[in-house]
Amino acid sequence: MAIARGQGNLLRPLGLAVLALWCLAMPAACGAGGDAEIEVRIINLSQFDFTEVSIGDQTYGDIATGATSDYKTVRTSLRYAVVKLTADGRKVTGQTLNLGAKRFTYEIDVVDLLAGQLKIEVVPEKDSDAD
């Protein structure tokens, strides 16, 4: 069956979606391995003070502009972690992918507060053990 010009691009996202679903169903095949405990600290790079900061079930409280939190143990699922915080009265949520280390620093900046967009740079600690 021939694919008309322009339709081939539709198959790539579908293929990626199928692969992602397969990886969720078969985490060992993708090297994800299930739940893990990691240590995470947060650096607030934004112009806003953060309140009600949490990653998964771990709470960080408030983190002022330019401040760095202490490391806290966070339980992740399939190496993904959900970051929730309030900035300037607006609740914002972001997601991270953590690979190759057990200790990370999340450098968080607010890209667009009205749209709820965060920039989260996940920095693995150099002296951290690899999985």
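Position 1 is the first residue of the sequence, and the numbers go up from there. Keep in mind that what you see is a predicted model, and the values were worked out from it rather than measured. Basis for what follows: all heavy atoms, side chains included, without hydrogens, waters or symmetry-related copies.
Under a hydrophobic clustering in which Ile, Leu, Val, Met, Phe, Trp and Tyr are joined whenever their side-chain heavy atoms come within less than 4.5 Å, directly or via other members, Leu45 and Leu113 fall into different clusters. The hydrophobic cluster containing Ile43 does not contain Val40, counting ILVMFWY residues as joined when their side-chain heavy atoms lie under 4.5 angstrom apart, directly or transitively.
For Thr105, the side chain to side chain donor-acceptor pair (under 3.5 Å) test picks out Arg41, Glu125, with sequence neighbours left out. Under the side chain to side chain donor-acceptor pair (under 3.5 Å) criterion, Asp109 pairs with no residue at all, not counting sequence neighbours. Val122 pairs by the side-chain contact (heavy atoms from CB on, under 4.5 Å) definition with Thr96, Asn98, Phe104, Tyr106, Ile120, not counting sequence neighbours.
With rounding to the nearest 0.5 Å, the separation of CD1 in Ile108 from CG in Leu118 is 6.5 Å. Note: Leu99 CG to Leu97 CG = 4.0 Å, rounded to the nearest 0.5 Å.
Using a 4.5 Å heavy-atom cutoff, the side chains of Thr93 and Val82 are in contact. The closest side-chain heavy-atom distance from Val92 to Phe50 is not below 4.5 Å.
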Could you tabulate the donor-acceptor pairs under 3.5 Å formed by side-chain atoms of residues 52-59, not counting sequence neighbours?
| from | atom 1 | to | atom 2 | distance (Å) |
| --- | --- | --- | --- | --- |
| Glu52 | OE1 | Thr86 | OG1 | 3.2 |
| Glu52 | OE1 | Lys91 | NZ | 2.8 |
| Gln58 | NE2 | Thr73 | O | 2.8 |

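Of the candidates Thr65, Asp88, Leu85, Ile63, Thr65 is the only one forming a side chain to side chain contact (heavy atoms under 4.5 Å, CB included) with Asp49.
Screening residues 112-124 for salt bridge (charged side-chain N to carboxylate O under 4.0 Å, His left out) gives no qualifying pairs among residues at least two apart or on separate chains. Within the structure, every pair that satisfies the salt bridge (charged side-chain N to carboxylate O under 4.0 Å, His left out) test and touches residues 60-76, not counting sequence neighbours, is listed here: Asp35-Arg75, Glu37-Arg75.
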